[in-house]
> 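Here it is: the structure, laid out below.
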Amino acid sequence: MSVLSNIPFEKESGSIKTAVTSYWSKRAGSFSAHKHDEAHSYKADLWRCELTERLPVGEGLKILDAGCGAGFFEMVLAPLGYRMTGIDLTPEMISKAKQLCGSHHAAAAEFFVMDAEHPVFPDNYFDAVISRNLTWTLPLPGEAYREWHRVLKPSGVLLNYDAEYAKGFHKYDQSENLAHEKVEDSLVEECHGIYHMLSVSALDRPEWDVKTLKSIGFSEVEADREAGDRLYAVKDEFYMPDRMFCIRAVK
(Lines give C-alpha, C1' and ligand atoms only; values in the text may rest on other atoms or scores of the structure.)
Protein backbone atom coordinates (compact mmCIF):
# COMPACT_ATOMS: atom_id res chain seq x y z
CA MET A 1 0.00 0.00 0.00
CA SER A 2 1.31 3.45 -0.91
CA VAL A 3 2.34 5.72 1.93
CA LEU A 4 0.11 8.39 0.39
CA SER A 5 -2.92 6.15 0.89
CA ASN A 6 -2.50 6.66 4.62
CA ILE A 7 -4.11 10.05 4.20
CA PRO A 8 -7.62 9.88 2.75
CA PHE A 9 -8.72 11.84 -0.30
CA GLU A 10 -10.42 15.03 0.82
CA LYS A 11 -13.76 15.16 -1.00
CA GLU A 12 -14.31 18.57 0.51
CA SER A 13 -10.89 19.92 -0.47
CA GLY A 14 -12.39 22.98 -2.13
CA SER A 15 -14.51 23.96 0.85
CA ILE A 16 -11.58 23.43 3.20
CA LYS A 17 -9.40 25.74 1.12
CA THR A 18 -12.18 28.31 1.14
CA ALA A 19 -12.28 28.13 4.95
CA VAL A 20 -8.49 28.38 5.20
CA THR A 21 -8.37 31.35 2.83
CA SER A 22 -11.16 33.09 4.72
CA TYR A 23 -9.31 32.62 8.00
CA TRP A 24 -6.01 33.98 6.72
CA SER A 25 -7.76 36.88 4.99
CA LYS A 26 -8.98 37.98 8.41
CA ARG A 27 -5.50 37.48 9.88
CA ALA A 28 -3.62 39.26 7.06
CA GLY A 29 -3.36 42.69 8.68
CA SER A 30 -2.20 41.64 12.14
CA PHE A 31 -0.08 38.81 10.71
CA SER A 32 1.72 41.26 8.43
CA ALA A 33 2.43 43.55 11.38
CA HIS A 34 3.79 40.57 13.32
CA LYS A 35 6.10 39.61 10.43
CA HIS A 36 7.26 43.23 10.16
CA ASP A 37 8.23 43.13 13.83
CA GLU A 38 9.90 39.74 13.39
CA ALA A 39 11.93 41.04 10.44
CA HIS A 40 13.19 43.87 12.68
CA SER A 41 14.13 41.57 15.55
CA TYR A 42 16.92 39.11 16.33
CA LYS A 43 14.69 36.47 14.71
CA ALA A 44 15.65 37.66 11.23
CA ASP A 45 19.33 36.80 11.78
CA LEU A 46 18.36 33.55 13.49
CA TRP A 47 16.27 32.46 10.51
CA ARG A 48 18.86 33.74 8.03
CA CYS A 49 21.52 31.51 9.57
CA GLU A 50 19.09 28.61 9.88
CA LEU A 51 18.17 28.72 6.20
CA THR A 52 21.50 29.54 4.58
CA GLU A 53 23.20 26.66 6.40
CA ARG A 54 20.71 24.22 4.84
CA LEU A 55 20.12 25.67 1.38
CA PRO A 56 22.21 24.69 -1.66
CA VAL A 57 25.43 26.61 -2.21
CA GLY A 58 25.56 29.00 -5.14
CA GLU A 59 24.86 32.54 -6.29
CA GLY A 60 21.48 33.75 -7.46
CA LEU A 61 19.68 30.55 -6.54
CA LYS A 62 15.98 30.44 -7.44
CA ILE A 63 13.84 29.66 -4.40
CA LEU A 64 10.12 29.00 -4.16
CA ASP A 65 8.53 30.01 -0.86
CA ALA A 66 5.38 27.89 -0.68
CA GLY A 67 2.77 29.54 1.53
CA CYS A 68 4.79 32.74 1.80
CA GLY A 69 2.27 34.60 3.95
CA ALA A 70 3.41 38.20 4.42
CA GLY A 71 6.84 37.57 2.87
CA PHE A 72 9.08 37.01 5.89
CA PHE A 73 11.45 34.59 4.12
CA GLU A 74 11.70 37.01 1.20
CA MET A 75 12.71 39.82 3.56
CA VAL A 76 15.30 37.51 5.11
CA LEU A 77 16.81 36.00 1.96
CA ALA A 78 16.28 38.36 -0.99
CA PRO A 79 18.84 40.92 0.28
CA LEU A 80 21.46 38.12 0.17
CA GLY A 81 20.97 37.66 -3.57
CA TYR A 82 18.55 34.74 -3.61
CA ARG A 83 15.93 35.00 -6.36
CA MET A 84 12.75 34.61 -4.34
CA THR A 85 9.29 33.64 -5.57
CA GLY A 86 6.50 33.58 -3.01
CA ILE A 87 3.12 31.95 -3.52
CA ASP A 88 0.08 31.98 -1.26
CA LEU A 89 -3.58 31.07 -1.70
CA THR A 90 -4.77 34.19 0.13
CA PRO A 91 -4.78 37.36 -2.03
CA GLU A 92 -4.65 39.61 1.04
CA MET A 93 -1.43 37.92 2.15
CA ILE A 94 0.17 38.42 -1.25
CA SER A 95 -0.79 42.09 -1.14
CA LYS A 96 0.79 42.46 2.31
CA ALA A 97 3.92 40.59 1.18
CA LYS A 98 4.43 42.96 -1.74
CA GLN A 99 4.03 45.96 0.56
CA LEU A 100 6.44 44.68 3.19
CA CYS A 101 9.11 43.50 0.77
CA GLY A 102 8.92 46.74 -1.18
CA SER A 103 10.18 48.57 1.90
CA HIS A 104 12.61 45.92 3.18
CA HIS A 105 15.25 45.62 0.43
CA ALA A 106 13.35 42.72 -1.12
CA ALA A 107 11.46 44.46 -3.91
CA ALA A 108 12.95 42.06 -6.48
CA ALA A 109 10.98 39.17 -4.97
CA GLU A 110 8.05 37.97 -7.05
CA PHE A 111 4.67 37.05 -5.56
CA PHE A 112 1.71 35.16 -6.98
CA VAL A 113 -1.69 34.11 -5.70
CA MET A 114 -1.33 30.37 -6.20
CA ASP A 115 -2.27 27.03 -4.67
CA ALA A 116 0.77 25.35 -3.09
CA GLU A 117 -0.72 21.96 -4.01
CA HIS A 118 -0.77 23.01 -7.67
CA PRO A 119 2.11 25.42 -8.36
CA VAL A 120 2.06 26.59 -11.97
CA PHE A 121 5.77 26.43 -12.73
CA PRO A 122 7.82 24.34 -15.18
CA ASP A 123 9.52 21.10 -14.19
CA ASN A 124 13.04 21.38 -12.74
CA TYR A 125 12.70 25.13 -12.26
CA PHE A 126 13.79 25.96 -8.68
CA ASP A 127 17.00 25.29 -6.79
CA ALA A 128 15.07 25.07 -3.52
CA VAL A 129 11.55 25.01 -2.12
CA ILE A 130 11.09 26.37 1.39
CA SER A 131 7.97 26.47 3.53
CA ARG A 132 7.00 27.51 7.03
CA ASN A 133 3.80 26.56 8.81
CA LEU A 134 1.96 25.64 5.62
CA THR A 135 1.56 21.87 5.35
CA TRP A 136 -0.70 21.66 8.41
CA THR A 137 -3.26 23.71 6.40
CA LEU A 138 -3.29 21.50 3.28
CA PRO A 139 -6.11 19.06 2.48
CA LEU A 140 -3.69 17.03 0.33
CA PRO A 141 -0.13 17.59 1.56
CA GLY A 142 1.07 14.54 -0.40
CA GLU A 143 0.03 16.29 -3.61
CA ALA A 144 2.00 19.36 -2.57
CA TYR A 145 5.07 17.23 -1.90
CA ARG A 146 4.75 15.63 -5.36
CA GLU A 147 4.51 19.02 -7.01
CA TRP A 148 7.40 20.49 -5.05
CA HIS A 149 9.49 17.52 -6.17
CA ARG A 150 8.45 18.21 -9.76
CA VAL A 151 9.43 21.89 -9.78
CA LEU A 152 12.79 21.26 -8.10
CA LYS A 153 15.90 20.88 -10.18
CA PRO A 154 17.91 17.66 -9.77
CA SER A 155 19.82 17.95 -6.47
CA GLY A 156 17.41 20.71 -5.44
CA VAL A 157 16.58 21.03 -1.74
CA LEU A 158 13.27 21.10 0.11
CA LEU A 159 13.17 22.74 3.55
CA ASN A 160 9.84 22.41 5.33
CA TYR A 161 9.29 23.87 8.82
CA ASP A 162 6.06 22.83 10.48
CA ALA A 163 4.55 21.38 13.66
CA GLU A 164 1.64 19.28 14.85
CA TYR A 165 -0.44 22.34 15.66
CA ALA A 166 -3.78 20.54 15.82
CA LYS A 167 -2.49 18.13 18.46
CA GLY A 168 -0.74 20.97 20.23
CA PHE A 169 -3.98 22.90 20.57
CA HIS A 170 -5.19 20.22 22.97
CA LYS A 171 -1.77 19.43 24.43
CA TYR A 172 -0.57 22.89 25.46
CA ASP A 173 -2.07 25.69 27.50
CA GLN A 174 -2.86 28.21 24.77
CA SER A 175 -1.84 31.06 27.04
CA GLU A 176 1.72 29.83 26.34
CA ASN A 177 1.28 30.60 22.65
CA LEU A 178 2.65 34.13 22.83
CA ALA A 179 2.69 34.50 19.05
CA HIS A 180 -1.13 34.35 19.17
CA GLU A 181 -1.50 36.58 22.22
CA LYS A 182 -3.14 39.35 20.17
CA VAL A 183 -5.24 37.03 17.98
CA GLU A 184 -8.95 37.41 18.67
CA ASP A 185 -10.64 34.53 20.48
CA SER A 186 -13.08 34.09 17.60
CA LEU A 187 -10.18 33.55 15.19
CA VAL A 188 -8.50 31.11 17.56
CA GLU A 189 -11.70 29.07 17.56
CA GLU A 190 -11.98 29.37 13.78
CA CYS A 191 -8.46 27.99 13.47
CA HIS A 192 -9.37 25.17 15.85
CA GLY A 193 -12.28 24.30 13.61
CA ILE A 194 -9.97 24.09 10.60
CA TYR A 195 -7.72 21.67 12.48
CA HIS A 196 -10.63 19.24 12.70
CA MET A 197 -11.41 19.58 8.99
CA LEU A 198 -7.98 18.36 7.93
CA SER A 199 -6.84 14.73 7.77
CA VAL A 200 -3.23 15.84 8.17
CA SER A 201 -4.09 16.84 11.75
CA ALA A 202 -4.37 13.18 12.76
CA LEU A 203 -1.09 12.02 11.21
CA ASP A 204 2.07 11.27 13.18
CA ARG A 205 4.48 13.88 11.97
CA PRO A 206 7.19 14.26 10.86
CA GLU A 207 7.31 10.46 10.45
CA TRP A 208 4.54 10.56 7.84
CA ASP A 209 6.31 13.33 5.94
CA VAL A 210 9.61 11.44 5.80
CA LYS A 211 7.97 8.26 4.49
CA THR A 212 5.93 10.19 1.95
CA LEU A 213 8.89 12.16 0.63
CA LYS A 214 10.94 8.99 0.22
CA SER A 215 8.08 7.29 -1.63
CA ILE A 216 7.86 10.23 -4.03
CA GLY A 217 11.55 9.95 -4.87
CA PHE A 218 13.35 12.40 -2.61
CA SER A 219 16.70 11.27 -1.25
CA GLU A 220 18.63 12.24 1.87
CA VAL A 221 15.38 12.87 3.72
CA GLU A 222 16.01 13.98 7.29
CA ALA A 223 13.70 15.21 10.03
CA ASP A 224 15.24 17.61 12.52
CA ARG A 225 13.06 17.63 15.64
CA GLU A 226 15.23 20.23 17.36
CA ALA A 227 14.48 23.09 14.96
CA GLY A 228 11.96 24.61 17.33
CA ASP A 229 14.44 24.43 20.19
CA ARG A 230 16.80 26.61 18.14
CA LEU A 231 14.22 28.98 16.72
CA TYR A 232 11.86 29.37 19.69
CA ALA A 233 14.15 29.09 22.69
CA VAL A 234 13.08 32.50 23.99
CA LYS A 235 9.55 33.00 25.26
CA ASP A 236 8.90 36.31 23.56
CA GLU A 237 6.17 37.67 21.28
CA PHE A 238 7.18 35.17 18.57
CA TYR A 239 7.13 32.10 20.79
CA MET A 240 4.95 29.06 20.06
CA PRO A 241 4.94 26.06 22.43
CA ASP A 242 4.36 23.54 19.61
CA ARG A 243 7.64 21.79 18.84
CA MET A 244 8.56 22.81 15.32
CA PHE A 245 10.41 20.29 13.16
CA CYS A 246 12.40 20.82 9.97
CA ILE A 247 12.38 18.35 7.12
CA ARG A 248 15.25 18.58 4.63
CA ALA A 249 15.06 16.51 1.47
CA VAL A 250 17.11 16.42 -1.70
CA LYS A 251 15.70 15.61 -5.16
Side-chain angles (χ1 to χ4, degrees), residues 2-4 6-7 46-69 71-74 76-78 80-89 109-112 114-165 200 203-228 230-231 243-251:
S2 168
V3 172
L4 293 179
N6 291 340
I7 181 168
L46 196 62
W47 272 105
R48 190 174 293 113
C49 292
E50 172 76 21
L51 294 168
T52 54
E53 287 179 2
R54 290 160 181 79
L55 286 169
V57 177
E59 295 184 4
L61 298 181
K62 294 166 65 174
I63 300 179
L64 174 64
D65 181 6
C68 64
F72 177 75
F73 279 165
E74 283 71 21
V76 167
L77 293 177
L80 300 181
Y82 293 98
R83 298 164 62 187
M84 301 296 298
T85 299
I87 62 172
D88 201 284
L89 193 60
E110 294 186 309
F111 294 98
F112 301 96
M114 194 180 298
D115 188 342
E117 292 181 355
H118 305 286
V120 185
F121 297 106
D123 296 354
N124 309 314
Y125 189 71
F126 292 101
D127 297 288
V129 174
I130 60 178
S131 186
R132 175 188 182 189
N133 294 338
L134 169 72
T135 41
W136 74 263
T137 72
L138 299 178
L140 299 170
E143 291 298 317
Y145 279 148
R146 280 199 191 98
E147 283 294 289
W148 299 350
H149 182 272
R150 178 185 65 79
V151 301
L152 274 172
K153 296 177 182 178
S155 300
V157 171
L158 167 65
L159 289 177
N160 184 18
Y161 293 84
D162 205 12
E164 294 186 303
Y165 292 112
V200 67
L203 298 175
D204 291 325
R205 305 182 65 204
E207 293 82 4
W208 176 86
D209 303 73
V210 170
K211 291 179 181 178
T212 299
L213 291 167
K214 288 180 177 179
S215 75
I216 289 170
F218 280 96
S219 63
E220 302 178 36
V221 183
E222 299 177 351
D224 179 357
R225 294 170 176 81
E226 297 180 356
R230 294 191 301 274
L231 296 163
R243 198 171 189 213
M244 176 176 277
F245 53 80
C246 169
I247 299 169
R248 186 181 190 275
V250 180
K251 179 173 178 178

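Residue numbers run from 1 in the order of the sequence given.
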> To the nearest 0.5 Å, how far apart are SG in C246 and CG in L158?
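That separation rounds to 8.5 Å.
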> Using modelled atom types and a 3.5 Å cut-off, is there a donor and acceptor pairing between side-chain atoms of R150 and backbone atoms of R146?
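Side chain of R150 to backbone of R146: no pair is present.
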> Are more than 12 heavy atoms, taken from residues, nucleotides or ligands other than E207, located less than 6.0 Å from that residue's CD atom?
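Count over threshold, so yes.
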> Heavy atoms only: give me the nearest D88-G67 pair and the separation to one decimal.
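Here D88 and G67 meet closest at OD2-C, 3.5 Å.
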> So does D224 pair up with R248, basic N to acidic O under 4.0 Å?
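No, no charged N to carboxylate O under 4.0 Å.
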> Taking the side chain as every heavy atom from C-beta outward, state whether F111 and M84 have any atom pair closer than 4.5 Å.
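F111 vs M84: side chains apart.
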> Supply the atom-to-atom distance L77 CG to D65 CG, rounded to the nearest 0.5 angstrom.
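CG of D65 is found 8.5 Å from CG of L77.
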> So which heavy atom on P119 is nearest to which on M114, and how close?
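Distance-wise, the nearest heavy atoms are CA-SD, 3.6 Å.
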> Please check: side-chain N/O of E164 versus main-chain N/O of R205, any donor-acceptor pairing under 3.5 Å?
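Looks like yes, one N/O pair under 3.5 Å.
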> With side chains defined as the heavy atoms from C-beta onward, is the minimum distance between V200 and L138 less than 4.5 Å?
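No, their side chains stay 4.5 Å or more apart.
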> I'd like to know if the side chain of R243 reaches the main chain of R225, judged simply by a donor and an acceptor atom lying under 3.5 Å from each other, with no hydrogens or angles considered.
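At least one qualifying donor-acceptor pair exists.
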> With rounding to the nearest 0.5 Å, note down the distance linking CG in D123 to CG in L152.
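The CG atom of L152 is 11.0 Å from CG of D123, to the nearest 0.5 Å.
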> Tell me, do I130 and I63 make a side-chain contact under 4.5 Å, heavy atoms counted?
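Yes, close enough: below the 4.5 Å cut-off.
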> From S131 OG over to N133 CG, what is the distance, rounded to the nearest 0.5 angstrom?
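Output value for this atom pair is 8.0 Å.
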> Measuring only between side-chain heavy atoms, which start at C-beta, is M244 closer than 4.5 Å to Y165?
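M244 vs Y165: side chains touch.
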> How long is the gap from CG on L134 to SG on C68, to the nearest 0.5 Å?
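So the gap between those two atoms works out to 10.0 Å.
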> Determine yes or no for a side-chain-to-main-chain donor-acceptor pair under 3.5 angstrom, with S219 supplying the side chain and V250 the backbone.
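A pair under 3.5 Å: yes.
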> Say you draw a straight line from OG1 of T52 to CG of L61; how long is it, rounded to the nearest 0.5 Å?
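Between T52 OG1 and L61 CG, I get 11.5 Å after rounding to 0.5 Å.
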> Is the shortest side-chain N to carboxylate O distance from E50 to R54 below 4.0 Å?
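R54 and E50: salt-bridged.
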> Within the 4.5 Å heavy-atom criterion, are N124 and K251 side-chain neighbours or not?
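In short, these two side chains touch, coming nearer than 4.5 Å.
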> If we only count heavy atoms from C-beta on, is the H149 to F218 side-chain gap below 4.5 Å?
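Heavy-atom side-chain distance check passes, below 4.5 Å.
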> Can you see which heavy atom on A128 is nearest to which on L55, and at what distance?
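Looking at all heavy atoms of both residues, the shortest contact is CB-CD2, 3.7 Å.
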> Decide yes or no for V129 and L159: does some side-chain heavy atom of the first lie under 4.5 Å from some side-chain heavy atom of the second?
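No - every pair of side-chain heavy atoms lies 4.5 Å or more apart.
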> Taking the side chain from D127 and the backbone from K62, do they hold a donor-acceptor pair closer than 3.5 Å?
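Yes, the answer is positive, given that a donor and an acceptor are paired below the 3.5 Å cut-off.
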> Would you say the rings of F245 and Y161 are close, in the sense that their centroids are separated by under 6.0 Å?
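Here the rings of F245 and Y161 have centres that are no less than 6.0 Å from each other.
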> Of all heavy-atom pairs between I87 and A116, which one has the smallest distance, and what is that distance?
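Minimum heavy-atom separation between I87 and A116: CD1-CA, 4.0 Å.
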> Grab the two heavy atoms, one from P141 and one from W208, that are nearest each other, plus how far apart they are.
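Where P141 meets W208 most closely, the heavy atoms are CG-CH2, 3.7 Å.
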> Can you say whether the rings of W148 and Y145 are parallel (under 30°), tilted (30 to 60°) or perpendicular (over 60°)?
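The rings of W148 and Y145 stand perpendicular, inter-plane angle above 60°.
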> Does the side chain of F112 come within less than 4.5 Å of V120's, by heavy atoms?
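With C-beta onward as the side chain, the pair stays apart.
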> Within the side chain of T85, is there an N or O that forms a donor-acceptor pair under 3.5 Å with the backbone of E110?
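Absent.
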